[in-house]
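Naming: A, B, ... by sequence-line order, numbering from 1 per chain.
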Amino acid sequence: MGIKNLHKLLRKWENVIQERNIQDFAGKKIAIDISILVYQIVIAIRNTGTDLVNTNGDITSHLLGIFNKTISMLEKGIYPVYVFDGKPPNMKNSILKSRREQRKKAKLKMKQADNKEDKIKYFKRSVVVTKKQLNECSQLIQLMGIPVVNAPQEADSQCAQLAKDGLVYGVSTEDMDILTFGSPRIIRNLSSKKKEIIQIDLEKILKKLELNYLQFIDLCILLGCDYCTTIPGIGMKKAYQLIKQFGSIETFIESLNETDIKKEYENLNKSLVPENYNYRNTSNYFQNPIVKDSKQINLQWTEPDYDKILEFMVSQFGFNKSKIQKGIARLRRAYNSLNKNNKQIPHYIC
DNA sequence: GTGGTCC
DNA sequence: TCGTCTGTCTCAAGACCAC
DNA sequence: TGAGACGGACGAA
């Protein structure tokens, strides 16, 4: 879900949101939240109204998608790192619960739908990516020689940590809260063919908006994030204005005790701070999420195990042999080309 | 370039 | 009237290949 | 699921 309206707010400053070409990322290491990617792939394939299913009745859409996508990234010279979710933090419980309910509703509506269009619409909304499917993706990715990081909690914050510690150049995601977690860089629409690729640097945001990192976190909390409720009557304009005026949510709320300011803001917009407004915990979570220490992580891109990929995809999951062989040939070329370039630049910058 | 197909 | 917030609606979300 | 477009609501100037 990310940060509400952050993208919209940032558009008001020039050069904060930068347009990029895919070639700009050649030779760069990019962290990717796998679950978002898999969701996108499975939903897109559901356009036709069905999943890809093998003779055992197992869904295989995710594997085909990850296989193709990984090859195409390597062909473009990108070194992907796939990050898997662990156990979600308690702070996210309410959001996860509402998502589950939404899916349940969608499933029901799908059954009740009386035309094909509605059926597909709700079919897509009721997508669930299972642990088993993610494990299968992990196996395939590792056979392809791509590093995998298993986050203790959220993949988001783990991706941000990898970027913060310089293990990757940036994070490819649509989720703006990667910046709130302190990633120096977000790359949006990296694998989109229709939308422009954009890059947003945290440092540029702080400089242009004249905020420090803690103030930026407070701004994101005011705008609205996954972990905290919002204050009614405060949208993107007032959120930025308040942080500039008071410096922090803390100071703003304390100032509300001073009668003149309290009066001013109550008269202005009737905004009242919610009773259980846990902005402190939220800020703390953005600053110190539970992540794996980068010192324990050794990212290595190794030669794919071509035979095992063939065995995995064809024998185990029933994919068409010649199609997979074609993919493997592309993979081999991409790997060799990356390997060659990599040798020329022994200490290339991530 | 587009629509059908991938399993 | 203007600015701002908010709710509602809509759309599209992969990759390859044959034609 | 999200993000953009759009119109309505509401207070300020």
By side chain to side chain donor-acceptor pair (under 3.5 Å), A:Asn320 pairs with (sequence neighbours left out) A:Ser322
Could you check if a side-chain atom of A:Cys225 sits within less than 4.5 angstrom of a side-chain atom of A:Phe286, using non-hydrogen atoms only?
-> yes
What residues in residues 30-38 of chain A put a non-hydrogen atom under 4.0 Å from any atom of DNA chain C?
-> none
Hey, is the side chain of A:His7 poking within less than 4.0 Å of OP1 or OP2 on D:dG2, counting only N and O atoms?
-> no
Is the closest side-chain heavy-atom distance between A:Ile221 and A:Ser283 below 4.5 Å?
-> yes
Can you check the A:Gln40 CD to D:dT1 C1' distance for me, whole Å?
-> 10 Å
What would the secondary structure line of DNA chain B be in dot-bracket form, counting Watson-Crick and G-U wobble pairs under 3.5 Å, with [ ] for pairs that cross earlier ones and | for pairs with another strand?
-> ||||||.
Grab the NZ-P distance between A:Lys237 and C:dT4 for me, whole Å please.
-> 5 Å
Are the ring centres of A:Tyr279 and A:Tyr277 closer than 6.0 Å?
-> yes
Rounded C1' spacing from B:dT5 to C:dC9 in Å = 32 Å
When the C1' atoms of D:dG11 and C:dT6 are considered, how many whole Å apart are they?
-> 14 Å
Is there a side-chain contact between A:Met73 and A:Ile32 (heavy atoms, below 4.5 Å)?
-> yes
Any chain of hydrophobic side-chain contacts (each under 4.5 Å) joining A:Leu9 to A:Leu211?
-> yes
Report yes if the side chains of A:Thr70 and A:Leu140 come closer than 4.5 Å at any heavy-atom pair, otherwise no.
-> no
Whole angstrom is fine here: how far is it from CD1 in A:Ile3 over to P in D:dG2?
-> 12 Å
Are any of the side-chain heavy atoms of A:Ser192 and A:Gln40 separated by less than 4.5 Å?
-> no
Contacts of type side chain to side chain donor-acceptor pair (under 3.5 Å), residue A:Lys132, not counting sequence neighbours | A:Glu136
What protein N or O atoms touch nucleotides 1-5 of chain B N or O atoms at under 3.5 angstrom, if any, and at what distances?
none

Selected nucleotide, minimal atom distance to A:Phe319 side chain, candidates D:dG4, C:dG14, B:dC7 | B:dC7
Cluster check A:Tyr335, A:Ile71: I/L/V/M/F/W/Y, side chain < 4.5 angstrom | yes
Choose from C:dC5, B:dC7, D:dA3 the nucleotide whose nearest atom is closest to any side-chain atom of A:Val53.
-> B:dC7
Whole-Å P distance, D:dG7 and C:dT10 = 14 Å
Would you tell me whether A:Ser35 and A:Asp85 have side-chain atoms, one donor and one acceptor, within less than 3.5 Å of each other?
-> yes
Give a yes or no on whether a salt bridge exists between A:Arg333 and A:Glu75, defined as a side-chain N under 4.0 angstrom from a carboxylate O.
-> no
Set of residues satisfying salt bridge (charged side-chain N to carboxylate O under 4.0 Å, His left out) with respect to A:Arg125, sequence neighbours excluded = none
Reference residue A:Gln215; test side chain to side chain contact (heavy atoms under 4.5 Å, CB included); the match among A:Leu219, A:Ile217, A:Asn212 | A:Asn212
Where the side chain of A:Lys116 meets the backbone of A:Gly49, is there a donor-acceptor pair that is under 3.5 Å apart?
-> no
Can you list the stems that DNA chain D is part of, where a stem is at least 3 pairs in a row, each Watson-Crick or G-U, with both distances below 3.5 Å?
-> C:1-5 with D:8-12, C:7-12 with D:1-6
Mind listing the residues from residues 59-70 of chain A sitting with a heavy atom below 4.0 Å of DNA chain C? Number order is fine.
-> A:Leu64, A:Asn68, A:Lys69
Does the side chain of A:Gln325 reach to within under 4.5 Å of the side chain of A:Leu310, using non-hydrogen atoms?
-> yes
Hey, could you give me the OG1/CG distance between A:Thr251 and A:Leu242, rounded to the nearest 0.5 Å?
-> 11.0 Å
Starting at atom NZ of A:Lys238, determine the distance to atom C1' of C:dC5, rounded to an integer number of angstrom.
-> 8 Å
Between A:Ile43 and A:Ala239, who's closer to the 5' end of DNA chain C by nearest nucleotide?
-> A:Ala239
Expressed in angstrom and rounded to an integer, what is the separation of A:Asn47 atom CG from C:dA15 atom P?
-> 13 Å
Roughly how far apart, to the nearest Å, are D:dA3 and C:dA15 at atom C1'?
-> 24 Å
DNA chain C contacts among residues 326-333 of chain A, heavy-atom distance under 4.0 Å | A:Lys326, A:Arg330
Indicate, with a heavy-atom threshold strictly under 4.0 Å, whether A:Tyr39 touches base, sugar-phosphate, or nothing.
-> nothing
Using ring-ring contact (aromatic ring centres under 6.0 Å, His included) as the criterion, point out the one residue from A:Phe319, A:Phe317, A:Tyr306 that pairs with A:Phe312.
-> A:Phe317
Touch check for A:Asp58, heavy atoms < 4.0 angstrom, all strands: base, sugar-phosphate only, or nothing?
-> nothing
With sequence neighbours left out, the residues meeting salt bridge (charged side-chain N to carboxylate O under 4.0 Å, His left out) with A:Arg20 are A:Asp24
Could you grab the distance from atom CD of A:Gln241 to atom CZ of A:Phe246, nearest 0.5 Å is fine?
-> 9.0 Å
Atom CZ of A:Arg46 and atom P of B:dC6 are separated, to the nearest Å, by 18 Å
Could you pull out all donor-acceptor pairs under 3.5 Å where a side-chain atom in residues 147-164 of chain A meets a protein atom, sequence neighbours excluded?
unit_1	atom_1	unit_2	atom_2	d
A:Gln153	OE1	A:Tyr285	OH	3.4
A:Glu154	OE1	A:Tyr227	OH	2.8
A:Glu154	OE1	A:Tyr285	OH	2.8
A:Glu154	OE2	A:Lys92	NZ	2.5
A:Glu154	OE2	A:Tyr227	OH	3.4
A:Ser157	OG	A:Glu154	O	3.1
A:Gln158	OE1	A:Lys292	N	2.8
A:Gln158	NE2	A:Lys292	O	3.4
A:Gln161	NE2	A:Asp165	OD2	3.1

Are A:Leu223 and A:Met236 close enough that some pair of their side-chain heavy atoms sits under 4.5 Å apart?
-> yes
A:Leu10 CG to D:dG4 P, in whole Å, measures 12 Å
Checking C:dC16, B:dC7, D:dA3 against the side chain of A:Lys193 (C-beta onward), the nearest is C:dC16
Could you write out each protein N or O paired with an N or O of nucleotides 6-12 of chain C at a distance under 3.5 Å?
unit_1	atom_1	unit_2	atom_2	d
C:dT6	OP1	A:Gly233	N	2.8

Please say which of A:Ile178, A:Leu179, A:Leu6 ends up in a side chain to side chain contact (heavy atoms under 4.5 Å, CB included) with A:Ile200.
-> A:Leu179
Where the side chain of A:Arg99 is defined as all heavy atoms beyond and including C-beta, which of D:dG2, B:dC7, D:dA3 is the nearest nucleotide?
-> D:dG2
Distance, rounded to the nearest Å, where A:Ile198 contributes CD1 and D:dA3 contributes C1' | 12 Å
